[in-house]
Protein chains: 2
Amino acid sequence: MTPEATLARFREYMVGPTRFMNLMSCFELGIIDELRKNPGLTAAKLGEAVGAKSDAVEQLLQLLVKEEFLAYDPGSGGYSLDALAAVESADLERVLAMMDLVKVCILRQIFYLTESVRAGTVVGLKELYGFDGTLFEAVAEHRDLRESWGRCMDAGTARVDPWFFENVDIPAGSRVLDLAGNTGLGAILAYRLKESPGLRVTTFDLPEKEEECLRNFREHGLAEQCSFIGGDVFDKVPEGFDVVLVKHFLTLFDKSEVVKILANVHKALNVGGQVNVLVPVFQDDVREFDSRSVDFYPAFFLGCAMGQGGPQKLSTWQACLEESGFEMTKVTVEDPAAIPADSLPLQAVLCATKTA
Amino acid sequence: MTPEATLARFREYMVGPTRFMNLMSCFELGIIDELRKNPGLTAAKLGEAVGAKSDAVEQLLQLLVKEEFLAYDPGSGGYSLDALAAVESADLERVLAMMDLVKVCILRQIFYLTESVRAGTVVGLKELYGFDGTLFEAVAEHRDLRESWGRCMDAGTARVDPWFFENVDIPAGSRVLDLAGNTGLGAILAYRLKESPGLRVTTFDLPEKEEECLRNFREHGLAEQCSFIGGDVFDKVPEGFDVVLVKHFLTLFDKSEVVKILANVHKALNVGGQVNVLVPVFQDDVREFDSRSVDFYPAFFLGCAMGQGGPQKLSTWQACLEESGFEMTKVTVEDPAAIPADSLPLQAVLCATKTA
């Protein structure tokens with residue numbers, strides 16, 4: 001890469017925050033909805049419709065015209081949807097949920113990335129919310145974070161969990177443990193999506209999740225098939241299970257912690273027991289197409305969510321499993337061409353067995 | 001553009017804030033300096049050197065390797081400068097000054113862009129600093145903003161002002177007024193760069209600038225050639241000048257205000273008098289190469305600096321001058337190929353004459 005190309009690339013980085021909020025603001029102000037209903041409105045009419053000065057509306061629309069998201073007719077001075085007109089509403093909803101997450105859970109917090117890396121904690125949550133802890137703890141107390149995070153997680157889980165269950169083998173009659181299974185939705189999905197005869201699924205998480213988890217099981221008519229055990233994965237994982245699921249969890253921790261968790265899983269399983277892990281991955285050579293996680297997850301986990309963690313290369317996840325005593329049986333990575341073009345993570349399912 | 005291409009483009013927008021701070025943080029932590037001194041360091045060694053956990057350092061470096069800014073050697077686990085090695089230190093210094101501006105003056109404030117557009121004020125300064133007013137007023141009270149802003153402005157002015165004076169004609173013996181000339185540096189530059197015999201330059205700005213401005217003239221040995229007049233451009237512009245310079249100023253205001261200012265300039269000039277305006281511009285068709293200002297300036301002026309203003313299309317700036325009574329004589333736009341690849345604004349010099 002020439003110095004000129006490098007400097008031009010720096011420019012792309014510099015405009016990241018303004019470009020993001022300029023686009024977001026056009027949706028927040030209602031400009032896009034207004035143009036969907038009334039194509040051809042001028043900046044003056046749009047300003048009246050959305051309660052903003054037409055000068056400001058005109059400024060914000062330049063970027064969307066440049067991107068070909070909108071079209072501008074110099075003759076009439078009117079704006080209309082261009083590329084945006086062809087985007088399905090379900091796709092746009094998913095994109096806007098993710099953009100809201102970027103705004104609410106990242107944009108201000110990430111200012112403190114360097115301090116967060118030095119401290120190993122999320123300094124941005126402390127500075128902005130007076131909160132000591134992780135984003136996943138903060139959502140319990142702060143409604144803005146909870147709503148933004150929840151909306152996005154629901155959309156992500158709806159895509160990824162069915163794909164995960166397609167790629168794991170759970171033999172009939174298995175006793176399944178959903179590690180760090182929160183309030184039981186993973187257990188319910190395991191039961192519903194696998195439809196293995198005689199399956200019994202147990203959610204394992206901190207004791208304070210028990211009440212809501214059991215209520216969820218009852219409401220889904222699965223009080224007989226699903227159960228809850230309270231505890232801490234860093235202390236001890238319950239014994240007597242054939243299959244352990246570890247979804248959306250290991251990426252929260254640095255490698256040394258990941259190995260501790262997996263070693264506890266290994267200790268709890270009988271020989272022949274399986275662990276199935278769902279994690280986001282980097283390609284081993286990050287310059288290969290398509291390492292899309294790289295642009296987002298390291299800064300997100302370090303600066304906004306945990307103060308540690310993040311995706312790992314596939315070889316690193318495998319090494320963590322092997323170091324914990326497991327033997328790999330299957331690795332499946334999402335095909336970038338098979339997930340929506342706006343989606344950031346490339347997930348992997350790693351299946352491994354306790355052989356001795 | 002296909003819906004897939006549009007969704008992929010949205011993804012680029014979503015990763016703007018994390019990508020920006022990930023890169024910034026590698027400089028702030030001192031990782032880049034360390035690799036310049038000690039090529040081939042592993043993440044573990046880098047972590048020790050910069051006081052951060054090696055896991056976190058490894059996470060942040062993925063993006064820079066993907067971008068080819070850095071190289072990674074899987075054999076040794078060592079990192080070294082790749083494309084960054086060939087960037088001149090003066091270029092990197094300019095880039096880092098701009099990145100610091102993006103971080104300090106924009107990243108958190110821009111969260112409130114939508115509210116700022118609705119209010120017509122910089123809501124982010126109020127929310128984050130308890131400050132009512134513009135960025136240019138806030139820098140007087142807040143050192144972090146002042147240092148970040150000042151460093152970047154000095155770099156920008158050093159590039160742009162000499163280019164401005166190359167493109168304006170100031171006849172020998174002219175009496176020149178530097179409108180909104182702050183503390184006199186523009187007047188000093190006009191005197192030094194034009195070297196017109198018998199030139200006299202007056203800075204016009206708010207009365208509270210007088211003391212510092214006159215001190216600057218004395219320190220540059222120009223107390224005889226340069227003077228100061230206090231006042232407000234929205235009230236009245238001083239009479240008796242042949243040439244008025246308006247640099248780095250009109251872009252702070254919405255069009256109606258721009259016309260008010262220019263009308264006051266027109267009123268003050270004698271027939272035959274000239275106005276020379278320096279402003280950032282959009283291309284008239286923003287989809288044309290190279291409308292680089294579009295990604296940055298609207299959101300910056302609306303959300304972080306003024307709550308109004310921003311660059312205009314060249315035809316809009318011309319229309320403002322003509323509406324104020326001027327006749328255009330010359331328009332010069334910066335050649336994108338002639339400015340550094342990382343630079344955002346494309347500036348224009350508009351020269352016009354009072355003909356009646």
Side-chain angles (χ1 to χ4, degrees), chain A residues 1 3-4 6-11 13-23 25 28-29 51-53 55-56 59-60 62-63 65-66 68 83 86-87 91 95 98-99 102 106-108 110-111 113-114 117-118 120 254-255 282 286-287 291 294-296 298-300 302 310 340-342, chain B residues 1 3-4 6-8 10-11 13-23 25 28-29 51-53 55-56 59-60 62-63 65-68 83 86-87 91 95 98-99 102 106-108 110-111 113-114 117-118 120 254-255 282 286-287 291 294-296 298-300 302 310 340-342:
Chain A
M1 190 158 51
E4 287 66 37
T6 308
L7 293 174
R9 195 69 194 141
F10 270 103
R11 195 176 89 219
Y13 274 64
M14 288 172 193
V15 300
T18 43
R19 198 147 68 170
F20 168 77
M21 266 313 297
N22 188 331
L23 176 61
S25 198
E28 287 183 336
L29 285 164
K53 210 172 163 191
D55 293 70
Q59 287 283 327
L60 294 178
Q62 302 292 335
L63 179 61
V65 171
K66 177 180 164 186
E68 305 186 15
V87 176
D91 289 332
V95 164
M98 186 65 190
M99 288 182 66
V102 171
I106 294 176
L107 189 59
R108 294 162 301 161
I110 201 76
F111 177 88
L113 176 60
T114 300
V117 165
R118 287 198 183 112
D254 283 347
K255 278 175 285 183
F282 303 138
V286 292
R287 291 186 184 178
S291 292
V294 170
D295 300 75
F296 185 78
F300 171 69
L302 294 172
D342 53 284
Chain B
M1 189 157 51
E4 286 67 36
T6 309
L7 293 174
F10 270 103
R11 195 176 87 219
Y13 275 64
M14 288 172 194
V15 301
T18 44
R19 199 146 68 170
F20 168 76
M21 267 312 297
N22 188 330
L23 177 61
S25 198
E28 288 183 335
L29 285 164
K53 212 175 161 189
D55 293 72
Q59 286 284 327
L60 293 178
Q62 302 292 334
L63 179 62
V65 172
K66 177 179 163 185
E67 287 287 0
E68 307 186 13
V87 176
D91 289 332
V95 164
M98 187 63 188
M99 287 182 66
V102 172
I106 293 175
L107 189 59
R108 293 161 302 161
I110 200 77
F111 177 89
L113 176 60
T114 300
V117 165
R118 288 200 184 110
D254 282 347
K255 277 175 287 184
F282 303 137
V286 290
R287 291 187 185 178
S291 291
V294 170
D295 300 76
F296 185 80
F300 171 69
L302 294 172
D342 53 282

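So you know, we letter chains A, B, ... as the sequences are listed, proteins then strands, and number each from 1.
Annotation: the span from B/Leu23 atom CG to B/Met21 atom CE amounts to 9.5 Å, rounded to 0.5 Å. Taking CE from A/Met14 and CG from B/Asp342, the interatomic distance works out to 5.0 Å, rounded to the nearest 0.5 Å. Here B/Glu67 contributes atom CD and A/Phe10 contributes atom CZ; the two are 9.5 Å apart, rounded to the nearest 0.5 Å.
The candidate from B/Met1, B/Arg118, B/Glu68, B/Met99 with the greatest count of non-hydrogen atom pairs under 4.5 Å with chain A is B/Glu68. The residue among A/Gly51, A/Ser25, A/Ala299, A/Gly120 with the most heavy atom pairs within less than 4.5 Å of chain B is A/Ser25. Here B/Phe111 is the residue among B/Phe296, B/Phe282, B/Phe111 with the most heavy-atom pairs under 4.5 Å with chain A. Between chain A and the options B/Val65, B/Leu60, B/Ile106, the largest number of non-hydrogen pairs under 4.5 Å is found for B/Val65. Across B/Asp91, B/Val102, B/Leu113, the residue that shares the most heavy-atom pairs under 4.5 angstrom with chain A is B/Leu113. Interface check for chain B: of the options A/Met98, A/Lys255, A/Glu4, the most heavy-atom pairs under 4.5 Å are formed by A/Lys255.
Contact annotation for B/Leu29: both backbone and side-chain heavy atoms come within less than 4.5 Å of a heavy atom of chain A. For A/Phe20, the parts lying under 4.5 angstrom from a heavy atom of chain B are both the backbone and the side chain. Within the 4.5 angstrom heavy-atom criterion, atoms from both the backbone and the side chain of B/Leu107 approach chain A.
Contact annotation: the side chain of B/Pro298 approaches that of A/Asn22 to within less than 4.5 Å [non-hydrogen atoms, C-beta and beyond].
Between A/Asp295 and B/Lys66, at least one side-chain nitrogen of the basic residue sits less than 4.0 Å from a carboxylate oxygen of the acidic one, meeting the salt-bridge criterion.
Taking both residues in full, the closest heavy atoms of B/Arg11 and A/Ala341 are given as NH1-O, 2.7 Å, listed atom of the first, atom of the second, then distance. The heavy-atom pair separating A/Ala86 from B/Pro3 by the smallest distance is O-CG, 3.4 Å.
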